[in-house]
Amino acid sequence: MATEMPNDDQAIRARFHIVYGEFSLAADLTLPGRGVTALFGHSGSGKTTLLRAIAGLERHPGAYLEVNGEVWQDGERFLPTHRRPLGYVFQEASLFPHLSVEANLDFGRKRLAAAERRVDLAQAVELLGIGHLLARRPDKLSGGERQRVAIARALLASPRLLLMDEPLAALDGKRKAEILPYLTRLREELDIPVLYVTHSPDEVARLADHLVLLDNGQVAASGHLAETLARLDLPTAVSDDAGVVVEGLVAGHDAAYHLLALDFPGGRVQVAHGPESPGKRLRFQVRARDVSLSLSERDDSSILNRVPATVAAIADADTPAHVLVRLEAGGTPLLARITRRSRDQLQLQPGKSVWAQIKAVALLA
Amino acid sequence: MPFGPDDWNAVLLTLKLAGTTTLLLLLFGTPIAWWLARTRSWLKGPVGAAVALPLVLPPTVLGFYLLVTLGPNGPIGQLTQSLGLGLLPFTFPGLVLASVLYSMPFVVQPLQQAFESLGERPLEAAATLRASPWDTFFSVALPLARPGFVTATILGFAHTVGEFGVVLMIGGNIPEKTRVVSVQIYDHVEALEYTQAHWLAGGMLVFSFLVLLALYGSKARSRHGY
């Protein structure tokens with residue numbers, strides 16, 4: 001597949017104002033033209049409405065949409081869905097029941113001019129692991145297989161923007177786990193910008209590079225994943241689940257203790273894991289409730305991962321007993337959830353140097 | 001030989017009428033059904049009701065209005081005359097026109113239901129895969145509505161075979177032109193030729209049963225299909 005040179009036009013600009021009776025959605029977004037952008041929010045926050053508007057499945061006058069330099073909609077123009085070079089994965093696979101898997105895969109592909117085909121059948125089939133299913137009918141597939149075929153079908157339309165509407169939401173936990181690795185590969189191996197609608201923090205942590213938080217039809221935040229997750233003024237932070245996602249480089253493996261070392265700008269963490277090739281990028285998650293703070297490096301502790309950090313800000317947490325502390329560790333934001341009493345005992349305030357003791361690091365791979 | 005030449009002519013004419021009518025109805029009924037299934041226009045109600053009228057109207061009422069409209073003083077009659085086509089009543093084309101109107105709901109309604117049961121999703125999926133609306137109609141909507149087409153074809157054909165009132169009003173009773181089986185049976189009974197009437201009536205009975213058997217059989221099968 002041809003990879004395009006990045007340029008200044010690599011952005012998705014979307015401006016929509018949508019009113020449906022009681023519900024209204026106002027979005028004015030500039031999103032990166034590459035990588036995975038998660039549209040995250042509770043049900044009813046407007047994320048699917050926004051995705052359908054971007055696909056042109058709903059027509060909203062007065063909107064503006066530009067994808068990597070191409071205007072799809074403005075005051076005068078409205079490209080109908082079938083003229084937009086996009087791929088769309090619905091929550092339910094929505095395969096055509098009268099066609100075999102292979103004919104489903106071919107549906108979008110054969111409608112492209114040869115010069116527009118940038119993903120070939122073998123590549124998509126291999127990427128989603130569906131080679132053994134080609135001759136089957138959709139009703140002979142499991143839910144997870146169906147969704148993998150739907151994703152491959154969308155890819156084979158050689159989209160310049162891939163839209164995914166909660167592609168895992170209709171699947172049970174086991175099937176989700178079956179598909180997530182394919183999505184991770186997709187992100188790593190194909191240079192197609194993705195807008196990914198989800199209400200699952202786990203999927204955001206694994207897949208997203210950029211995060212848009214939608215709340216009741218309003219854009220509460222839009223920014224780089226790590227930065228946005230560590231913002232104290234957002235509803236995502238104020239919960240028991242608050243945490244950050246950090247990208248690290250594999251530095252080495254300690255076979256004797258079965259520990260993998262990962263370097264990130266704030267230091268090094270070790271995590272219980274098998275060996276990985278050095279230099280490989282891996283994401284890990286650090287939850288706020290797994291980070292405790294001390295004023296000196298405590299080497300008499302069982303906690304393995306300690307990194308020096310500076311207190312950047314302190315905010316109220318979800319209970320009156322706790323506060324959330326935002327830390328900067330070599331430019332990497334971290335969150336710590338500690339008691340209000342500890343804050344006062346350690347006399348924490350912005351600018352103070354501390355040691356962050358990280359009790360648990362979850363590798364997202 | 002239970003069937004005389006007149007009987008055979010009536011059977012052939014009936015099949016020709018029903019075949020022509022069904023073909024025309026599939027051709028013109030499909031866009032009407034598609035429109036009825038998809039539109040949000042206020043016209044949906046009135047058009048749907050007009051299509052369904054033959055279900056409740058006595059055939060003689062429909063036949064009467066057709067006779068008046070197509071006749072020498074009716075608007076369509078004057079049009080066909082000025083076009084050099086002559087008058088339609090008591091001709092085979094006139095009978096076809098009447099049958100098309102009379103059997104319309106039996107074709108349009110199953111098609112409309114089939115199109116409605118598709119839902120938006122397959123059509124949207126096709127649009128996201130670069131298929132234009134026409135392309136989507138032929139490559140997705142039509143194949144998925146196939147069970148509806150089977151029902152519509154069988155019902156349209158069978159209902160046209162069974163019509164009597166409209167035929168008498170608009171077609172009359174002209175051998176080889178408008179005398180179909182149902183009229184021929186009536187003639188036999190009038191003439192007290194009960195044997196011939198039995199053969200034709202029995203034939204119709206068996207035919208109708210087989211048609212319905214095929215219809216319900218295919219419905220049972222399609223439930224086990226996709």
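Reminder, nothing fancy here: chain letters follow the sequence lines and each chain counts from 1.
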If you count heavy-atom pairs under 4.5 Å with chain B, which of A/P85, A/A154, A/A150 comes out on top?
A/P85

NZ (B/K44) with more than 12 external heavy atoms under 6.0 Å:
yes

Are more than 12 heavy atoms from other residues, nucleotides or ligands located less than 6.0 Å from atom CH2 of B/W199?
no

Let me confirm one number: the CZ-OG1 distance from A/R52 to B/T128, rounded to the nearest 0.5 Å.
10.5 Å

Check this for me: B/F207, atom CZ, are more than 12 non-hydrogen atoms of other residues, nucleotides or ligands nearer than 6.0 Å?
yes

Flag yes if more than 12 heavy atoms outside A/Y182 fall under 6.0 Å of its OH atom; otherwise flag no.
yes

Is there side-chain contact between A/H98 and B/R146, with heavy atoms separated by less than 4.5 Å?
no

With the side chain counted from C-beta on, respond yes when B/L129 and A/R153 share a heavy-atom pair under 4.5 Å apart, and no when they do not.
yes

Crowded around B/E176 CD? As in, over 12 foreign heavy atoms under 6.0 Å?
no

I want to check something: taking the side chain as every heavy atom from C-beta on, are B/S132 and A/R83 in contact at a cut-off of under 4.5 Å?
no

Need one label for A/F107: side chain, backbone, both or neither, based on atoms under 4.5 Å from any heavy atom in chain B.
both

Would you mind checking which part of B/T136 comes under 4.5 Å of any heavy atom in chain A, side chain (CB onward), backbone (N, CA, C, O), both or neither?
neither

Heavy-atom donor-acceptor pair, B/R130 side chain to A/L86 backbone, under 3.5 Å:
yes

Might you confirm whether atom NE2 of A/H60 has over 12 heavy atoms from other residues, nucleotides or ligands at distances under 6.0 Å?
yes

Contacting region of A/L112 [heavy-atom separation from chain B under 4.5 Å]:
side chain

More than 12 heavy atoms of other residues, nucleotides or ligands under 6.0 Å from CZ of B/F28: is that the case?
no

When you compare the side chain of A/R111 with that of B/S139, does any pair of heavy atoms fall below 4.5 Å?
yes

Which atom of A/S94 lies closest to which atom of B/A125, heavy atoms considered
O-CB, 4.0 Å

Would a 4.5 Å heavy-atom cut-off, applied to side chains only, mark A/Y88 and B/E124 as touching?
no

Enclosure of B/F164 CZ (heavy-atom neighbours >12, cutoff 6.0 Å)
yes

